[in-house]
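Reading through the structure tokens given below for one structure.
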Amino acid sequence: MPSSNTAFKAVIQLIDESGTGTVVDLGSGWGNLVIRLARRYPQRQIIGYELSLLPWLTTKIIGKCLRLKNLTLYKQDFYKADLYNASLLICYLDPLAMLKIKNKLAAQPGNINFLISNNFALPAWQPEKVIRLNDFYKSPVFLYRVSRVPQKTAV
Ligand SMILES: C[S@@+](CC[C@H](N)C(=O)[O-])C[C@H]1O[C@@H](n2cnc3c(N)ncnc32)[C@H](O)[C@@H]1O
């Protein structure tokens, strides 16, 4: 399921606080987010990882047609990817995936400064900001600052 338009607007608000480094969408789906990000931020590198062939291929074709030189798409499991040079991670996944991402961040924080998550919290992490969408569930979009020091777990 792709991010909604309102979620996209929230992501944009949060991205504007995240500097100029490389943005990685963990599970880029049909490209809803990465295509629009690559157009909006031509000065930033936008990377998408996607496991499913058809969504990945579709995004790749759209990116080529739009000549988005700052967009790179990998048909790859992002858990196995080297995210060392990423500055901002974005995701719209599920609670189990968030737990795995939390563990990956603890093991290899690399140069990651921020993580934006649509709807699902990073377990035991304190968000720096939360935007509530104007939808039925008041769905949250979280901005986390990734610290190099392991965070305390909640009790
Ligand atoms: C809910 S969609 C979000 C799509 C897009 N990020 C957006 O916000 O519109 C999640 C996507 O993550 C992909 N995905 C899930 N686990 C993955 C993994 N380990 N590696 C790469 N892609 C993955 C799924 O195939 C799906 O397309």
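Each ligand, and each atom within it, is numbered from 1 in the order the structure gives. This structure is a prediction, so every number in the text was calculated from the model and none was measured.
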List ligand 1 atoms under 4.0 Å from [X], heavy atoms only on the residue side.
| X | value |
| --- | --- |
| D25 | 5 (C), 6 (N) |
| Q76 | 20 (N), 21 (C) |
| P2 | 9 (O) |
| S52 | 25 (O) |
| D77 | 18 (C), 19 (N), 20 (N) |

Exercise for the section: To the nearest 0.5 Å, tell me how far R44 CZ sits from S87 OG. Expected result: 6.0 Å

Fill in the blank from the handout: When rounded to the nearest 0.5 Å, the distance separating CD1 of I101 from CG of L93 is 5.0 Å

Completion exercise
Note: M1, heavy atoms under 4.0 Å from ligand 1, region reported as backbone

Problem - Residue portion contacting ligand 1 (non-hydrogen atoms closer than 4.0 Å) for L93 - result: side chain

Specify the protein heavy atom at minimum distance from [atom]: its residue, its atom name, and the distance to 0.1 Å.
| atom | result |
| --- | --- |
| atom 10 (C) of ligand 1 | Y92 O, 3.5 Å |
| atom 22 (N) of ligand 1 | L51 N, 3.3 Å |
| atom 6 (N) of ligand 1 | G27 O, 2.7 Å |
| atom 26 (C) of ligand 1 | E50 OE1, 3.6 Å |
| atom 9 (O) of ligand 1 | S3 N, 2.8 Å |
| atom 23 (C) of ligand 1 | F78 CE2, 3.7 Å |

Handout entry: Backbone N/O of L89 and side chain of D25: donor-acceptor pair under 3.5 Å
Key = no

Handout entry: Cation-pi, Y79 ring and K100 (6.0 angstrom, 45 degrees)
Key = yes

Practice task
Would you check if K80 and D77 make a side-chain contact, meaning some heavy-atom pair closer than 4.5 Å?
Solution key: yes

Exercise for the section: With the side chain counted from C-beta on, respond yes when F8 and N32 share a heavy-atom pair under 4.5 Å apart, and no when they do not. Expected result: no

Practice task
Test side chain to side chain contact (heavy atoms under 4.5 Å, CB included) on W56 and Y49 and set out the steps.
Solution key: CA-CA 8 Å; W56 168 79; Y49 287 93; over 6 Å; no

Looking only at distances, can you tell me whether any N or O atom of [X], backbone or side chain, sits closer than 3.5 Å to an N or O atom of ligand 1?
| X | value |
| --- | --- |
| Y79 | no |
| L33 | no |
| L26 | no |
| S28 | no |

Handout entry: contact_flag P55 ligand 1 heavy-atom lt 4.0 Å
Key = no

Exercise for the section: Answer with yes or no whether the hydrophobic clustering places F114 together with L33; edges join I, L, V, M, F, W, Y residues whose side-chain heavy atoms lie under 4.5 Å apart. Expected result: yes

Problem - Single-linkage hydrophobic cluster, 4.5 Å side-chain cutoff, L122 and V23 together - result: no

Practice task
Please name the pair of heavy atoms, one in L105 and one in W125, separated by the smallest distance, quoted to 0.1 Å.
Solution key: CD1-CH2, 4.3 Å

Handout entry: Over 12 foreign heavy atoms within 6.0 Å of OH, Y74
Key = no

